[in-house]
Q: 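Before I ask anything, here is the structure I am working with.
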2 protein chains.
Amino acid sequence: MSAKPLRQVKIADQVVGELQVWFRSGELTAGMRLPPERELAAQFGVSRTSLRDALRRLELLGYLDARQGDGTYVRVPDGDALSQPFRNLVNTLPHNAADLLEFRMLIEPEVAALAATRLTGEGRAALLGSLKRQRALPDNGPRLGHEDALFHDVLAQVAGNMVVLRVLETLRDLLRDVRTISLPAAGSRRTVSEHERIIQAVLAQDRDGARQAMREHLEDVTRTYQDAVWRRDHTDQLALQRPG
Amino acid sequence: MSAKPLRQVKIADQVVGELQVWFRSGELTAGMRLPPERELAAQFGVSRTSLRDALRRLELLGYLDARQGDGTYVRVPDGDALSQPFRNLVNTLPHNAADLLEFRMLIEPEVAALAATRLTGEGRAALLGSLKRQRALPDNGPRLGHEDALFHDVLAQVAGNMVVLRVLETLRDLLRDVRTISLPAAGSRRTVSEHERIIQAVLAQDRDGARQAMREHLEDVTRTYQDAVWRRDHTDQLALQRPG
DNA sequence: CCGGTCCAGTGGTCGGACCAATCGATCCCA
DNA sequence: TGGGATCGATTGGTCCGACCACTGGACCGG
């Protein structure tokens, strides 16, 4: 006679509910360590499987942080968790390099502009450190790609929006072909000098300058990439005709 | 000596990645049933535990629907499914809502600018149709939110970038509650007139004007939202002091 | 042709075992 | 005595095999 459950309530769901109640009671505050899984499972009267299921969900939503060999800690969800719908979306969508590149070109100049307005002492130090490491790089060495990614990451961090930071990371990951092709073609000297221009503008808190520098940098990367691809496709044709 | 892995990569994470590859290959379409868990686990060479872990994550994000006794089905996440797990997160932690609003403010002005440069006959018709419907709306009726979402969708469609379109859609879903707060506060007249200004700029293929109009519109929305929240929180305080 | 029954297959739950990472106490040596 | 290496207990991560709960469809009887 009562409402029929359209969806069988899973045990993990109930546990999630109980844990949320526990959270809201204020008894659990950020940084605290939860009891061990085996203990919690016994306490709730469920198997460790179901208990873990509940914990994983809360972890995915950013409320928990499980560390192997240590414990599970309470934390307050930040943009890291919120970025997941976007990351999954981009990862699931059919890959279209043009759309992804354009998307990045929409976002990142604004990120540079934001960074210029939100520069802190830490941010200044991080940017200078990145610049120093980039300058010390050997020409076209294998670490250029890594430092390049790191630079963009630091910049997004200075901008202070975790969601945007993670989304940009995902975009870069999906566009790694672009990087491996266009970076060597551009050469580390050119890349680093373009980065330097961006950094200088941010350090000067020149909002428009930072945006413009980043825009030109990305346009340059895109152009180099397209040229390199065009050249590769055409030399491939020639290579087939040559021995070796 | 090499980079230290800050986060141990879990098996379920890898499986999620492989499933995402499968998704975007187009081989899996909505409504399809996945192979049984036992079979999939064998196929990926992992235990059923880890495989289930991956499936549960994709289920939480709205990409899968598991039915006991039947099977696990592929689905395209609608706004509800996608935003529901995260809605609490947005509503209870203002910092997260701010990140999302800022993210939107980064993207959408550029989308408006893009739309202005890529306007086609179809796009013109769609925008005019949207404007007409918006004008015919009763003041603060229930359909205002719907038409508002539709307007932004049409605009992104005119801009012609599928990735950006879907990202903005997700953003709006996550911010749904924000909209229900700020829209009535602004009133439909003001909202529609701001939309109209954007549409006019796009129709005139005025790139900078469209960007600027959208930026001001979003700033207005954000300000209205913050005011409304501030007022709500403070009237809550007063309500506590009053009887009833 | 209809309705009920039964059964194979599927996701959900369980318990136990072992692996792997971490922390901290302990021990050893300079 | 101080510092560093070692080892063990603890904890989350993974695997396995079994069983439960539910569903859809085949089968059967009227």
Side-chain angles (χ1 to χ4, degrees), chain A residues 2-19 22-23 28 30-75 80-81, chain B residues 1-19 22-23 28 30-75 77 81 85:
Chain A
S2 65
K4 55 183 175 185
L6 288 181
R7 243 329 186 333
Q8 180 65 13
V9 179
K10 285 177 265 187
I11 292 183
D13 292 333
Q14 306 175 21
V15 176
V16 166
E18 299 190 49
L19 284 170
W22 200 3
F23 282 141
L28 285 181
M32 260 181 166
R33 190 175 67 182
L34 251 56
E37 294 180 348
R38 293 160 175 87
E39 199 174 310
L40 267 183
Q43 186 173 326
F44 284 123
V46 303
S47 71
R48 187 151 87 105
T49 308
S50 298
L51 188 271
R52 273 181 62 80
D53 217 335
L55 292 185
R56 296 305 282 277
R57 264 177 52 181
L58 290 172
E59 189 182 359
L60 194 68
L61 293 178
Y63 290 98
L64 294 177
D65 183 22
R67 305 174 200 162
Q68 183 174 185
D70 188 354
T72 302
Y73 292 81
V74 181
R75 68 190 216 92
D80 206 347
Chain B
M1 199 46 47
S2 62
K4 52 185 174 184
L6 287 181
R7 260 287 182 22
Q8 179 67 9
V9 178
K10 285 176 265 189
I11 292 185
D13 293 332
Q14 305 175 23
V15 176
V16 167
E18 299 192 52
L19 284 171
W22 202 3
F23 272 107
L28 286 182
M32 256 181 169
R33 191 175 66 183
L34 250 55
E37 295 179 348
R38 294 156 175 88
E39 201 174 309
L40 266 183
Q43 185 173 328
F44 283 126
V46 301
S47 70
R48 186 150 87 104
T49 309
S50 298
L51 175 81
R52 273 180 63 80
D53 218 334
L55 292 185
R56 297 306 282 279
R57 266 178 52 181
L58 289 172
E59 188 182 1
L60 187 69
L61 291 170
Y63 289 93
L64 293 178
D65 185 20
R67 306 174 199 162
Q68 183 175 183
D70 187 356
T72 303
Y73 292 81
V74 180
R75 51 172 276 175

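So you know, we letter chains A, B, ... as the sequences are listed, proteins then strands, and number each from 1.
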Q: Who are the side chain to side chain contact (heavy atoms under 4.5 Å, CB included) partners of A/L40, not counting sequence neighbours?
A: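 Only A/W22, A/L34, A/P35, A/Q43, A/F44, A/L51 meet the side chain to side chain contact (heavy atoms under 4.5 Å, CB included) criterion with A/L40.
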Q: To the nearest Å, how far apart are B/Y73 OH and D/dC22 C1'?
A: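 Atom-to-atom, B/Y73 to D/dC22, this comes out as 13 Å.
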Q: Looking at A/Y73, does the NZ or CZ of A/R67 lie under 6.0 angstrom from its six-membered ring centre and within 45 degrees of the ring axis?
A: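 Yes - A/R67 lies over the ring of A/Y73, closer than 6.0 Å to its centre and within 45° of its axis.
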Q: Can you tell me the distance, in whole Å, between the CG atom of B/D13 and the P atom of D/dG13?
A: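 Distance, rounded to whole Å: 10 Å.
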Q: Using a 4.0 Å heavy-atom cut-off, write out nucleotides 11-19 of chain C from 5' to 3' as B (base contacted by protein), S (sugar-phosphate only) or - (no contact).
A: BBBBB-BB-
Q: Rounded off to whole Å, could you give me the CG-to-C1' distance for the B/D65 and C/dT10 pair?
A: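 In whole Å, C/dT10 C1' and B/D65 CG are 14 Å from each other.
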Q: Looking at B/E59 and A/R56, does any basic side-chain N land under 4.0 Å from a carboxylate oxygen?
A: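 Between A/R56 and B/E59 there is no salt bridge, as every charged N stays at least 4.0 Å from the carboxylate O atoms.
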Q: Looking only at heavy atoms, what is the nearest atom pair of A/A12 and A/D53, with distance?
A: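 The pair with the smallest heavy-atom distance is CB-CB, 3.7 Å.
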Q: Quick check: do A/F23 and A/V74 have side-chain heavy atoms less than 4.5 Å from each other?
A: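 When only atoms from C-beta onward are counted, A/V74 and A/F23 do touch, with a gap below 4.5 Å.
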